[in-house]
Colleague: 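Can you read through this structure? Questions will come right after.
Side chains included, hydrogens not; waters and symmetry mates left out as well; all remaining heavy atoms used. We count ligands from 1, going down the list as the structure has it; atoms in each ligand are counted the same way.
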Amino acid sequence: MSPIATQLLIHWHKDHGRHHLPWQGSRDPYAIWISEIMLQQTQVNTVIPYYARFMREFPTISSLALAPLDAVLIIWSGLGYYSRARNLHQTARMIMQDYQGQFPNTRAMIQKLPGIGRSTAAAISVFAFSKREAILDGNVKRIFTRYFGISGYPGESKIMNLLWEKAEEALPITYRENQIETYTQALMDLGATVCIRHTPICKVCPLQHHCVAFKEKRTDQFPTARLRKSLPKKETVFLLLMQNQKLLLEKRPSSGIWGELWCPPEIKTGIDAVSYCQHQLGITVQSPVELPILDHQFTHFKLRIHPQLLQVVSSTLNSHNKFIWVKPSNALEQAIPTPVRKLLKQNFLLDNHKAFNHLTTN
Ligand code: SF4
């Protein structure tokens with residue numbers, strides 16, 4: 001990007017950028033870090049209420065480090081990509097132990113912390129410490145591939161390296177105060193509001209006179225999409241065991257999907273639910289009632305969930321800390337993944353649904 005284009009972008013930001021996001025204006029690396037992690041793969045409007053709640057519950061690094069992981073997962077519940085929450089918690093503890101509670105202040109040091117990649121580390125060093133560092137998140141990759149007319153999937157290392165080179169070259173000379181912060185925010189804002197994924201609004205873009213994709217009328221060709229095979233499909237069965245209007249939830253192991261979150265017990269398709277409950281859980285149940293299937297898509301596969309409602313007759317389950325019985329409405333306040341939340345709402349909390357009717361007539 002030429003120095004002129006960089007300056008056009010900075011100038012554009014004054015009148016057209018976003019200036020009132022809750023995490024803006026702060027120099028607190030902790031607050032900036034939380035916002036940057038939440039914004040990964042998540043829309044700003046979704047993040048805002050989560051960010052407010054998170055900062056209310058855990059206003060400082062030490063409060064986050066001292067909190068039990070379960071409390072952090074509860075606040076995160078519904079935001080998805082839960083490894084982000086686990087990494088935040090681990091990192092807060094690491095900063096307290098290894099850095100005496102002081103957030104490291106260089107990109108290289110920040111990048112060594114769990115769950116923080118080069119672009120996020122750069123954004124934190126720019127906004128908290130005014131360091132001259134280049135960012136390259138998804139929005140910025142889209143802008144640069146269009147602006148420079150770079151073909152090839154941006155996830156490939158060759159293309160990625162080229163984009164990093166361009167990002168470094170485009171950085172403004174920081175002879176004015178806040179220049180690097182404004183430029184970085186301008187790039188983020190342009191990607192979020194103008195150079196958007198499907199139909200960029202080139203007519204209001206400050207970069208249009210220099211943009212290859214715009215000049216060649218090829219904005220729809222950048223960034224090059226990944227050649228994707230269709231996603232693999234998996235199926236599973238969730239056992240919704242009910243006793244005295246309460247539902248059984250099991251804490252999942254820390255590795256694997258939904259690590260440390262609460263879910264109904266899960267079995268493979270084809271396994272007999274009644275026998276499983278009897279022999280693995282020590283719970284005698286009535287015959288299962290099939291509930292509507294729920295489909296959920298992860299980044300790398302599609303999951304088809306077959307929920308089965310099971311009324312408990314008797315139980316010798318010793319819950320330890322691995323199992324809890326909760327009312328479905330209270331389960332929503334636990335750290336549960338999004339499809340379980342959906343399942344509970346659909347089947348228990350709307351009075352025209354099958355599980356609800358079954359429970360109220362039994
Ligand atoms: Fe994106 Fe259009 Fe601006 Fe080029 S001119 S950077 S395609 S919005």
Colleague: Taking 4.0 angstrom as the limit, do Glu168 and Arg118 come out as a salt bridge?
Modeller: yes
Colleague: Check Glu216 with Arg218, please: is the shortest side-chain N to carboxylate O separation under 4.0 Å?
Modeller: yes
Colleague: Is the shortest side-chain N to carboxylate O distance from Arg252 to Glu260 below 4.0 Å?
Modeller: no
Colleague: Can you confirm whether Lys246 is buried at NZ, in the sense that more than 12 heavy atoms of other residues, nucleotides or ligands lie under 6.0 Å from that atom?
Modeller: no
Colleague: For Tyr276, check ring-ring contact (aromatic ring centres under 6.0 Å, His included) against everything at least two apart and list the hits.
Modeller: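 Counting only residues at least two positions away or on another chain, Tyr276 forms no ring-ring contact (aromatic ring centres under 6.0 Å, His included).
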Colleague: Sort by chain and number the protein N/O/S atoms that are closer than 2.8 Å to atom 2 (Fe) of ligand 1, and list them.
Modeller: Cys202 SG
Colleague: Check whether any side-chain heavy atom of Leu64 sits under 4.5 Å from a side-chain heavy atom of Phe54, and report yes or no.
Modeller: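 Yes. Closest side-chain heavy atoms under 4.5 Å.
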